[in-house]
Amino acid sequence: MDTFSSSSSSSSKNWKYDVYLSFRGEDTRKTFTDHLYCALKDAEVNVFIDDQLRRGESLDIPLTRAIEESKIAVIVFSRRYAESRWCLDELVKIMECGRTLGQIVFPIFFDVDPSDVRKQTGIFAEAFLKHEQRLHDDKEKLQLWRNTLTEAANLAGGLVRDPHGYDGKFIRKIVTEIIRVLDRSPCLEVAANLVGIDSRVQEISNYLDVGGSNDVRIIGIWGMGGVGKTTLAKAIFNKYQYMFEGKSFLQNMTEGELVKLQEQLLFDILKPANRKVSSVDQGIKEIEKRLGNRRVLVILDGIDLVKQLEALAIKRDSFGAGSRIVITTRDEHLLKILGVDTIYKLPEMNIEEGVQLLSWHAFGKNYPDEGYFELARKAADYCGGLPQALEVLGSHLFGKSISEWKSALEKLKSHPHWEILKRLKISFDDLDDLQKAIFLDISCFFTGMNEDYVMTILDGCDLYPQVGIRVLQERGLVTANDDFTMMMHDLLRDMGREIVRLESHDPGKRSRLWHHDDVIHVLRNKSGTEAVQGLTLDLQESDKASFSTEAFRNMQSLRLLKLNYVTLTGSYNNLSNELRWLCWHGFPLKVIPKDFDHPNMVAIDLSYSKLIRVWEDSDVWLEKLKFLNLSHSHCLTRSPDFSKIPNLERLILADCKNLLAIPALPTNLEILEADECIALEKMPDFSEMSRMRELHLNHSPKLSEILGLDNALNSMTRIHMEGCTNLTASFKEAILQGWSASGNGGLFLPGNEIPSWLTPIDPQGEIVVPQCFGCDVKALTLCIIYSSDDSQSGGSLCIRVANYAQNTEFLISPMRATVITSHENYLWLGHFSNSKLNVKGGDKINVGAHFVGPGTTDDIQLRVKKIGINLEKEKLINEYSSECKEDDADLLASAFTERWDKMND
């Protein structure tokens with residue numbers, strides 16, 4: 001319902017003025033009405049105000065015409081309003097226009113009671129006594145004035161000034177209502193036929209809380225280029241600009257024009273009262289001085305430098321109470337530096353939204369023409385939810401036939417649309433040289449790979465990836481999935497590859513080679529040059545492709561080499577000594593030859609190789625090698641000579657089915673993955689493995705023990721030995737007793753029973769902590785026995801601990817658990833530090849466990865069968881930070897809570 005009286009016909013008439021101000025000049029001309037007039041003008045409302053002192057007997061023609069040509073009439077009823085015959089005649093005309101022209105009438109009661117206006121009582125009664133004395137012969141006019149006052153006072157939604165309130169807030173409320181009723185066109189131009197904008201504006205509105213909280217809020221909108229940040233910022237500005245005393249939307253900001261930005265901000269908000277700025281320092285002081293008490297809306301679009309924020313004095317005490325600052329940027333780090341209240345990551349459009357937006361530009365409506373639907377979906381999918389890309393591609397496909405659409409989409413597979421990529425390239429151009437190199441390496445070679453693995457390789461290339469990848473993530477150029485997989489938007493990947501392709505018409509002179517035909521051409525023609533830093537050729541085992549190592553002789557800058565199921569003939573000395581990464585799935589030789597001497601190598605992946613043993617007797621010394629993957633090498637019977645790779649940190653031997661023994665390991669090793677090594681019988685002594693963090697030995701049924709493992713437990717966070725069914729009881733007892741890691745991870749073993757030193761509990765019941773523990777509880781040891789109806793299934797184990805006495809609840813991050821054989825029982829043991837649980841003597845706690853994720857459906861479900869706990873008073877617990885992604889933990893924890901609640905209904 002409108003706040004004041006309106007007529008449907010008002011929207012169709014062309015009005016000369018937005019607002020006509022009716023008031024008693026002697027009461028409010030230089031005070032309230034003047035402030036209201038200025039506020040309306042600042043809000044760009046076209047206001048008519050009679051700035052002359054009228055003393056005639058009747059309204060003159062210009063004034064009458066101004067009333068008739070105004071969409072809204074604002075009547076300021078003040079204490080002496082009814083004393084003026086002029087005001088009363090003006091009111092009669094206004095109410096007549098309200099009835100006949102559809103004018104909107106807005107009564108404001110300033111220091112008067114609406115009841116006095118309505119009934120002509122109080123001070124209004126006194127005014128009418130005087131009129132009756134003067135006009136005793138014109139009772140008809142007196143009655144008309146009375147009736148008109150009553151009619152005006154009865155209008156719905158009139159606003160009453162609180163005599164103890166603030167005029168500024170009251171005027172702001174009036175202006176807001178007038179702007180809402182005027183429903184004027186947005187100040188900032190946005191594209192027609194926007195798709196999905198309303199839901200995104202609503203999400204931001206929840207954070208802004210305009211009209212609610214009176215604090216100063218700074219909201220950051222973060223996202224990659226082309227995702228629609230500017231459009232969203234404009235929509236927010238258009239929605240809320242009239243609810244503030246001042247507003248400013250700054251965009252197209254450059255470092256060299258900071259003073260101009262300061263002047264624009266001051267002008268937008270202060271209007272004619274703005275001052276020129278001579279320097280950045282003076283501008284900062286002016287902003288802080290002149291805007292510090294104003295309630296403003298400021299939107300900064302496309303910030304990319306900290307100095308821009310500093311020059312515009314973007315901090316909470318620079319603006320008045322209730323102000324809102326919105327910043328859009330491609331750099332999340334800037335928002336963190338500023339300490340914004342909320343960082344809103346603007347999501348890409350979903351496929352349905354994408355099809356709608358593309359259709360508006362390709363077909364002039366929000367859905368495709370008949371016969372084009374699947375093509376439109378493919379086109380939208382190519383754009384990956386980026387509005388800019390959808391608009392460009394939709395316009396490009398406008399008016400084209402189905403066959404032309406098919407041809408255009410096929411072309412995009414090998415020749416990306418440059419107009420789209422050019423808009424995205426802005427983000428790339430802002431990077432430094434090392435960051436650009438990392439971006440191009442990821443786009444050409446590493447999308448979809450493990451983040452730590454990529455970090456290791458790029459660190460070996462002296463690219464400082466810990467800094468560089470963080471910058472790329474903060475600018476939305478790369479992301480890491482919940483499983484730590486490095487990902488990149490398809491269009492960004494294509495943009496990176498197109499940048500490389502444009503380096504030269506000759507593929508052999510480009511820095512990176514990934515396209516199948518280009519790589520085949522270079523290798524067959526031996527046309528590679530020193531420009532080549534990376535090369536990948538992904539073939540199938542059936543292709544039986546073979547090339548000479550001579551093709552690599554001139555590629556002396558080659559750092560990255562990936563060859564899947566490729567055979568090389570000739571000397572391996574032809575490979576560059578700059579080589580840091582070799583990924584060669586299906587390595588065809590039975591042993592790595594003697595001339596394979598590349599001392600700078602940091603990562604080697606020879607999965608699915610034909611190796612029987614790794615190195616031939618040679619002087620190969622790979623001191624920098626940190627990662628070695630020999631998984632799925634089914635012919636491998638012996639592990640490598642680790643004396644040649646003393647600094648290895650991660651070794652993967654998974655599914656080496658004929659590997660009988662691992663007689664030694666480098667003492668620097670941190671992670672050993674040897675799942676599914678079903679022939680493995682012997683492991684080395686672990687007494688000196690002081691850096692080992694993770695041990696994965698699922699399904700090694702012949703393994704009976706690992707000497708010294710109980711002495712290496714202090715550094716370990718995770719052990720998986722679920723399928724090691726031949727372990728001795730004494731070995732299991734020793735590692736169960738010695739396990740000391742706290743947090744995400746734990747010890748996984750085959751097992752049917754809760755260890756004897758733990759107390760079995762009922763998950764549905766409460767545990768009362770004995771009073772004797774007092775505040776001395778160091779940790780909670782927890783043991784879970786679980787099984788599954790299905791072999792080779794897995795899920796994520798979540799632990800819930802509720803402390804009723806402290807009214808707290810903890811959901812422990814999920815831990816991956818595996819089942820090797822159906823209906824076989826497995827044991828998990830872990831500790832939870834009491835620094836988080838805060839359990840004391842006398843507390844009542846409840847402990848529950850459940851599996852979430854794949855393998856936990858109603859038909860095939862991992863089941864918790866038993867739970868046991870022990871409260872530790874003296875045991876030393878090593879606390880390790882969770883290695884689970886926070887978002888992933890929240891998601892799975894939420895799912896766990898939902899399932900737990902259902903179980904207890």
Exercise. Got a donor-acceptor contact below 3.5 angstrom from the Ser359 side chain to the Val355 backbone?
Worked result: yes

Exercise. Within 45 degrees of the axis of the six-membered ring of Trp405 and under 6.0 Å from its centre: does Lys400 put its NZ or CZ there?
Worked result: no

Problem set entry | Student check: side-chain heavy atoms of Gln251 and Thr230 closer than 4.5 Å | yes

Exercise. Between Asp506 and Arg510, is the closest basic N to carboxylate O distance under 4.0 Å?
Worked result: no

For this session: Kindly confirm or rule out a cation-pi arrangement of Lys562 over Phe445, judged by NZ or CZ under 6.0 Å from the six-membered ring centre and within 45° of its axis?
Result: no

Problem set entry | Closest contact, heavy atoms only, Asp432 versus Leu434 | OD1-N, 3.1 Å

Exercise. Would you say Lys411 has more than 12 foreign heavy atoms packed within less than 6.0 Å of its NZ?
Worked result: no

Exercise. Do you see a donor-acceptor pair shorter than 3.5 Å between the side chains of Asp331 and Thr329?
Worked result: no

For this session: Can you establish whether the number of heavy atoms outside Gln466 located under 6.0 Å from its atom CD is more than 12?
Result: yes

Problem set entry | Leu232 vs Leu346 side-chain heavy atoms within contact, under 4.5 Å | yes

Seminar exercise, completed: What one should report as the nearest heavy-atom pair of Pro507 and Leu513 is O-CD2, 3.1 Å

Exercise. Looking at side-chain heavy atoms only, is the closest gap between Thr328 and Ile303 below 4.5 Å?
Worked result: no

Exercise. Where the side chain of Thr447 meets the backbone of Ile442, is there a donor-acceptor pair that is under 3.5 Å apart?
Worked result: yes

Exercise. Short question: side chain of Arg497, backbone of Arg512 - any donor-acceptor pair under 3.5 Å?
Worked result: no

For this session: Kindly indicate whether the side chain of Ile420, heavy atoms from C-beta on, has any atom under 4.5 Å from the side chain of Leu491.
Result: yes

Exercise. Are more than 12 heavy atoms from other residues, nucleotides or ligands located less than 6.0 Å from atom CZ of Arg470?
Worked result: no

Problem set entry | Between CG on residue Leu409 and NE2 on residue His417, distance to nearest 0.5 Å | 11.0 Å

Problem set entry | Any His632 side-chain heavy atom under 4.5 Å of His585 side chain | no

For this session: For the pair Ser213 (side chain) and Asp215 (backbone), establish whether a donor and an acceptor sit closer than 3.5 Å, ignoring hydrogens and angles.
Result: yes

Exercise. Should we say atom OH of Tyr608 is surrounded by more than 12 heavy atoms from elsewhere, each under 6.0 Å from it?
Worked result: no

Exercise. Picking from Lys425, Arg475, Arg330, what satisfies salt bridge (charged side-chain N to carboxylate O under 4.0 Å, His left out) with Asp430?
Worked result: Arg330

Exercise. Between Leu463 and Ile438, which heavy-atom pair has the shortest distance, and what is it?
Worked result: O-CD1, 3.4 Å

Exercise. If we only count heavy atoms from C-beta on, is the Lys413 to Tyr382 side-chain gap below 4.5 Å?
Worked result: no

Exercise. At what distance, to the nearest 0.5 angstrom, does CZ of Phe428 lie from CG of Leu424?
Worked result: 12.5 Å

Problem set entry | Close side-chain approach of Ile219 and Ile325, heavy atoms under 4.5 Å | no

Exercise. Given Arg493 and Asp490, is the salt bridge (charged side-chain N to carboxylate O under 4.0 Å, His left out) satisfied, shown in steps?
Worked result: CA-CA 5 Å; Arg493 179 203 62 201; Asp490 288 350; 3.5 Å; yes

Exercise. Has the side chain of Thr485 got a donor or acceptor atom that lies under 3.5 Å from a matching backbone atom of Asn481?
Worked result: no

Exercise. Are Glu419 and Arg423 close enough for a salt bridge, meaning some N to O gap below 4.0 Å?
Worked result: yes

Exercise. Within a reach of under 6.0 Å around NZ of Lys315, are more than 12 heavy atoms found that belong to other residues, nucleotides or ligands?
Worked result: yes

Exercise. Does NZ belonging to Lys336 count more than 12 external heavy atoms closer than 6.0 Å?
Worked result: yes

Problem set entry | Any donor-acceptor pair under 3.5 Å from Ser511 side chain to Ala531 backbone | no

For this session: Taking all non-hydrogen atoms of both residues into account, name the closest pair between Leu393 and Ala379 and its distance.
Result: CD2-O, 3.8 Å

For this session: Please tell me if the side chains of Phe244 and Arg324 come closer than 4.5 Å, counting only heavy atoms from C-beta onward.
Result: yes

Exercise. With distance as the sole test, does Asn350 use its side chain to make a donor-acceptor pair with the main-chain N or O of Glu353 at under 3.5 Å?
Worked result: yes

For this session: Determine, for Arg501 against Glu498, whether the closest basic-nitrogen to carboxylate-oxygen distance falls under 4.0 angstrom.
Result: yes

Exercise. What about the rings of Tyr367 and Trp360, do their centers lie closer together than 6.0 Å?
Worked result: no

Exercise. If you measure from CD1 on Ile236 to CD1 on Ile221, what distance do you get to the nearest 0.5 Å?
Worked result: 4.0 Å

Exercise. Using 4.0 Å as the upper bound for N to carboxylate O, is an ion pair formed by Asp341 and Arg217?
Worked result: no

Exercise. Do you see a donor-acceptor pair shorter than 3.5 Å between the side chains of Glu404 and Ser407?
Worked result: no

Seminar exercise, completed: Minimal heavy-atom distance between Gly354 and Ala380, with the atoms involved, is C-CB, 3.9 Å

Problem set entry | Test item: Arg200 side-chain N/O and Gly196 main-chain N/O as donor-acceptor pair under 3.5 Å | yes

Problem set entry | Closest approach of Leu539 to Ala545 (non-hydrogen atoms, all atoms of both residues) | CD1-CB, 3.2 Å

Exercise. Does any N or O in the side chain of Ser443 come within less than 3.5 Å of the main-chain N or O of Leu440, such that one atom is a donor and the other an acceptor?
Worked result: yes

Exercise. Does CG in Asp433 sit with more than 12 non-hydrogen atoms of other residues, nucleotides or ligands closer than 6.0 Å?
Worked result: no

Seminar exercise, completed: So CG of Leu358 and CZ of Phe363: to nearest 0.5 Å the spacing works out to 7.0 Å

Exercise. Has the side chain of Gln202 got a donor or acceptor atom that lies under 3.5 Å from a matching backbone atom of Ser199?
Worked result: no

For this session: Starting at NE2 of His333, measure out to CG of Leu338 and round the result to the nearest 0.5 Å.
Result: 11.5 Å

Seminar exercise, completed: One should read off an interatomic distance between Leu472 CG and Leu477 CG, to the nearest 0.5 angstrom, of 5.5 Å

Exercise. Between Gln308 and Glu257, does any side-chain donor sit less than 3.5 Å from a side-chain acceptor?
Worked result: no

